[in-house]
There are 2 protein chains.
Amino acid sequence: MSVDSPRTLSDQLFEKLQHAIVRGDLAAGMRLSEAELASRYGVSRGPLREAIHRLESRKLVVRTPHSGTKVVSLGQNELLDIYQIREVLEGLACRLAATKMSTSQIDQLYRLLESHQQQSDLQEGIAYFQQEGDLDFHYRIVTGSGNQRLIDTLCGELYHQIRMYRYQASTGGNRPVHAFNEHQHIVDALADGDGEMAELLMRRHIRTSRLRLEKTWNNSRSNPVSAVNKNNKTEERQETVL
Amino acid sequence: MSVDSPRTLSDQLFEKLQHAIVRGDLAAGMRLSEAELASRYGVSRGPLREAIHRLESRKLVVRTPHSGTKVVSLGQNELLDIYQIREVLEGLACRLAATKMSTSQIDQLYRLLESHQQQSDLQEGIAYFQQEGDLDFHYRIVTGSGNQRLIDTLCGELYHQIRMYRYQASTGGNRPVHAFNEHQHIVDALADGDGEMAELLMRRHIRTSRLRLEKTWNNSRSNPVSAVNKNNKTEERQETVL
DNA sequence: CTCTGGCTAATTGTTGACAATTGGCCTTCT
DNA sequence: AGAAGGCCAATTGTCAACAATTAGCCAGAG
């Protein structure tokens, strides 16, 4: 029952490039040469350009006509914008999931939390898995909302950019225990079918994360060594298509 | 100061096709032949395919590999999903706009409402302009939020689909007076800088619209002549890219 | 009469060559 | 010496031909 491998080269390239960008193999702000990428992946420039155009719609690359395309480099303000959106969107997802998720799906959530718990017990500092596990948790709830458009927006666009940022910033100093308890309360609310409470808890959970990011950045203001991309110099503001 | 005309053919095609789809010149569910479109717009298939891939990312067309691409035809459930998202997203936009919009911007909003008022006074049944004016109102508030990502998501994706639906359904029976008052109250809250109130009012405003849509559809259940796309037979469910 | 199987035509996917635009470099004039 | 202007290389945008896959159709067997 494994998923049909994406058929067209353009599709495969899109996923490969997306993955490479998220993981940082194609560094943020890096210029993408069509010729080089085409030869690297062993394809022609046609499918490659199609993939690039899709990446542009997903806001993973920025393209300037006749000049070139660069991997997007999101600054702090952009990430805060994303977190604001996440807050209301995942809140909505929780409210919907509370009435739409089956008991077995919720059981899976509990089991997921258990495995996170054990990981945290065994080893305190595994930021990497913890981070991916965190998004996995959110991913499942969003999927459980049943709102396909919501799923696409969050899992198809926003999450990739958050993961991209986490890879490049390697945000240590995550708050595993704290977040774990919040996750637990959210699932409890879901199990109770209490949509309002689940929404409230999720929004507070994400808002806390956002505030923690802001706080970290404010501290690193006096500690310029770890100051990352304050005002995002490399970005050209792209205008909105009317 | 007219805007630089979009440079590449791919960009121009993207906008033209988007416009054609929204206006219904390319009917919902219609199959798009690459050869025909290419000759119609006087370009080669290369740029056309790039534009199509972007339209696919924006969810305006659905593509099945090696088979063809069709204009998306959104059913009632999809539209309800969109309205749910709109509710929380525009609520957020209002909360932000309340602190970020300048007084001159808010004055512009008041003037916009006045013009709507006059249009409503002069002629009761102009659904077309009223609808476009409605989105114009929402558009300005969202723009005033200052959250670029939010602006892109709403104005670049969701609004086009809503306009598309309105064109094809020609939803008469709009509630101009009622909506007008709600708009007025929202702007009042913005003028007061009361973000919470603005958010609340906007969410209620959109929720009311959504409920009105559901009600209309339930009525037309017994009036099958005007029943539109109940369960959206033509749509293939597209799977989410992981 | 229906169902299966292969074949054919039409459409999409891919490629490599060609054209157009950009940005840097060098020359030249003030 | 500095700036302005034009030239050249490199990269992107576009095109038309080629290859591969799909879907419909027709024939034939059960």
Side-chain angles (χ1 to χ4, degrees), chain A residues 3-18 21 26-27 29-58 60-72 233-239 241, chain B residues 3-18 21 26-27 29-58 60-72 233-239 241:
Chain A
V3 71
D4 298 346
S5 73
R7 291 196 139 54
T8 117
L9 280 184
S10 174
D11 290 336
Q12 294 175 2
L13 266 181
F14 173 71
E15 293 192 10
K16 284 182 185 172
L17 289 176
Q18 180 174 248
I21 290 175
L26 297 173
M30 176 182 180
R31 183 192 148 84
L32 296 183
S33 162
E34 294 184 0
E36 188 209 337
L37 278 184
S39 73
R40 164 125 57 113
Y41 287 95
V43 297
S44 178
R45 277 178 53 216
L48 176 73
R49 284 176 60 87
E50 294 178 1
I52 286 181
H53 279 270
R54 284 164 66 174
L55 290 171
E56 187 198 12
S57 279
R58 298 289 192 85
L60 284 171
V61 301
V62 176
R63 187 176 62 91
T64 47
H66 295 100
S67 167
T69 77
K70 298 186 306 187
V71 177
V72 74
K233 309 152 198 172
T234 67
E235 168 166 350
E236 283 101 19
R237 175 64 66 203
Q238 48 193 338
E239 46 187 338
V241 178
Chain B
V3 72
D4 299 346
S5 73
R7 291 193 141 57
T8 113
L9 280 185
S10 174
D11 290 336
Q12 294 176 3
L13 267 180
F14 173 71
E15 292 192 11
K16 284 181 186 173
L17 289 177
Q18 181 174 246
I21 290 175
L26 296 174
M30 177 184 180
R31 183 192 149 86
L32 296 182
S33 162
E34 294 184 359
E36 186 209 338
L37 279 184
S39 73
R40 164 122 59 112
Y41 288 95
V43 297
S44 177
R45 279 178 51 216
L48 177 73
R49 283 176 61 87
E50 293 178 2
I52 286 181
H53 278 271
R54 284 164 66 174
L55 290 171
E56 187 198 11
S57 279
R58 297 291 190 86
L60 285 171
V61 301
V62 177
R63 188 177 61 91
T64 48
H66 295 100
S67 166
T69 77
K70 298 188 305 186
V71 177
V72 75
K233 309 154 198 171
T234 67
E235 168 165 349
E236 282 101 18
R237 175 62 68 201
Q238 46 192 339
E239 44 186 340
V241 178

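Naming convention: chains lettered A, B, ... in sequence-line order (proteins, then strands); numbering from 1 in each chain. These numbers come from the heavy atoms of this one structure, side chains and all, not from hydrogens, waters or symmetry mates.
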Step by step, work out the side chain to side chain contact (heavy atoms under 4.5 Å, CB included) result for A:Thr64 and A:Lys70. CA-CA 9 Å; A:Thr64 47; A:Lys70 298 186 306 187; over 6 Å; no

Please table the atom pairs, donor to acceptor, closer than 3.5 Å between any side-chain atom in residues 30-39 of chain A and protein atoms at least two apart or in another chain.
| unit_1 | atom_1 | unit_2 | atom_2 | d |
| --- | --- | --- | --- | --- |
| A:Arg31 | NH1 | A:Ser67 | O | 2.9 |
| A:Ser33 | OG | A:Glu36 | N | 3.3 |
| A:Glu34 | OE1 | A:Arg45 | NE | 3.0 |
| A:Glu34 | OE1 | A:Arg45 | NH2 | 3.1 |
| A:Glu34 | OE2 | A:Arg49 | NH1 | 2.9 |
| A:Ser39 | OG | A:Glu36 | O | 2.9 |

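- We find that CG of A:Leu48 is positioned 15 Å from C1' of C:dG16, with the value rounded to whole Å.
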Side chain to side chain contact (heavy atoms under 4.5 Å, CB included) assessment of A:Leu13 paired with A:Tyr41: CA-CA 8 Å; A:Leu13 266 181; A:Tyr41 287 95; 3.8 Å; yes

Can you check each nucleotide of nucleotides 13-25 of chain D against protein heavy atoms at under 4.0 Å and return B for base, S for sugar-phosphate only, - for none, in 5' to 3' order? BBBB----SSS--

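- Residue contacts shown for A:Leu32 are limited to sugar-phosphate atoms, with no base heavy atom under 4.0 Å away.
- Considering every non-hydrogen atom in both A:Arg63 and A:Thr69, the closest pair reads CG-CG2, 3.3 Å.
- When every heavy atom of A:Val71 is checked against every heavy atom of A:Ala27, the shortest pair comes out as CB-O, 3.3 Å.
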